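Worth knowing before you read on, the calculation uses all heavy atoms, side chains too, and leaves out hydrogens, waters and symmetry mates. This is a predicted model, so every value here is computed, not measured.
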Amino acid sequence: MSLKVLVYSDDRTTRESVRLALGKRPAADLPELEYVECATEPAVIKTMDKGGIDLAILDGEAVPAGGMGIARQLKDEIFQCPPILVITGRPQDAWLATWSRAEAAVSHPIDPIRLAEVTAAVLRERIAKLPAATS
């Protein structure tokens, strides 16, 4: 079993930073990660609508569509939306992540240790909620 993680940013280096920070697995007790990268809002919506995503990591600083607005839209439109982690512009923007209804937030610049810890916590919670047949 692997976990599918959507990574959204209009900036290729931000997507790469997330992938490098998390590696094949953010913690030893978790399954390997499979990444789906999206550079545009329509690609995120289309991918999330298909299903099968275990975690979406959205760049709040992406343009023209920021990850926090997309997160809120996804939470409104997708029944049992998978967890979302947003990357905020700065630590003081964590309140915006709350508005977006994201389960977690980390700030730019990406701290690999912090991102791995937060991602692992969100994924553990996700796995605990999955039906026994798929875990």
Pair up each side-chain donor or acceptor in residues 122-131 with any protein partner under 3.5 Å, not counting sequence neighbours, and list the distances.
from   : atom 1 : to    : atom 2 : distance (Å)
Arg124 : NE     : Asp29 : OD2    : 2.8
Arg124 : NH2    : Asp29 : OD1    : 2.9
Arg126 : NH2    : Ile53 : O      : 3.4

Which side-chain N or O atoms in residues 78-86 pair as donor and acceptor under 3.5 Å with protein atoms at least two apart or in another chain?
none

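At least one donor-acceptor pair under 3.5 Å links the side chain of Ser100 to the backbone N or O of Ala97.
Partners of Glu77 by side-chain contact (heavy atoms from CB on, under 4.5 Å), not counting sequence neighbours, listed by chain and number: Gln73. Legend: residues meeting side-chain contact (heavy atoms from CB on, under 4.5 Å) with Leu20, ordered by chain and number and at least two apart, are Glu16. Every residue meeting the side-chain contact (heavy atoms from CB on, under 4.5 Å) condition with Glu32, not counting sequence neighbours, appears here in chain and number order: Lys24, Arg25. In this structure Asp93 satisfies the salt bridge (charged side-chain N to carboxylate O under 4.0 Å, His left out) test together with Arg90, sequence neighbours excluded. For Arg114, the salt bridge (charged side-chain N to carboxylate O under 4.0 Å, His left out) test picks out no residue, with sequence neighbours left out. In this structure Thr98 satisfies the side-chain contact (heavy atoms from CB on, under 4.5 Å) test with no other residue, sequence neighbours excluded.
Among residue pairs with one or both ends in residues 61-72, none qualify as side chain to side chain donor-acceptor pair (under 3.5 Å); sequence neighbours excluded. Among residue pairs with one or both ends in residues 101-111, those qualifying as side chain to side chain donor-acceptor pair (under 3.5 Å) are Asp59-His108, Lys75-Glu103, Asp76-Arg101; sequence neighbours excluded. For the salt bridge (charged side-chain N to carboxylate O under 4.0 Å, His left out) condition, no pair includes a residue of residues 78-89, sequence neighbours left out.
Ser2 and Pro31 get closest at one heavy-atom pair: CA-CB, 4.2 Å. Nearest heavy atom pair, residue Pro26 against residue Ala116, reads CB-O, 3.8 Å.
Ile70 is listed as a side-chain neighbour of Tyr8, based on a closest heavy-atom distance under 4.5 Å. A heavy-atom distance below 4.5 Å is not found between the side chains of Leu96 and Thr88.
Salt-bridge annotation for Glu37 and Arg12: absent, with no side-chain N of the basic residue lying under 4.0 Å from a carboxylate O of the acidic one.
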Practice task
Apply the test side-chain contact (heavy atoms from CB on, under 4.5 Å) to residues Ile57 and Val106: give CA-CA distance (whole Å), side-chain angles for both, the deciding distance (0.1 Å), then the verdict.
Solution key: CA-CA 10 Å; Ile57 300 176; Val106 296; over 6 Å; no

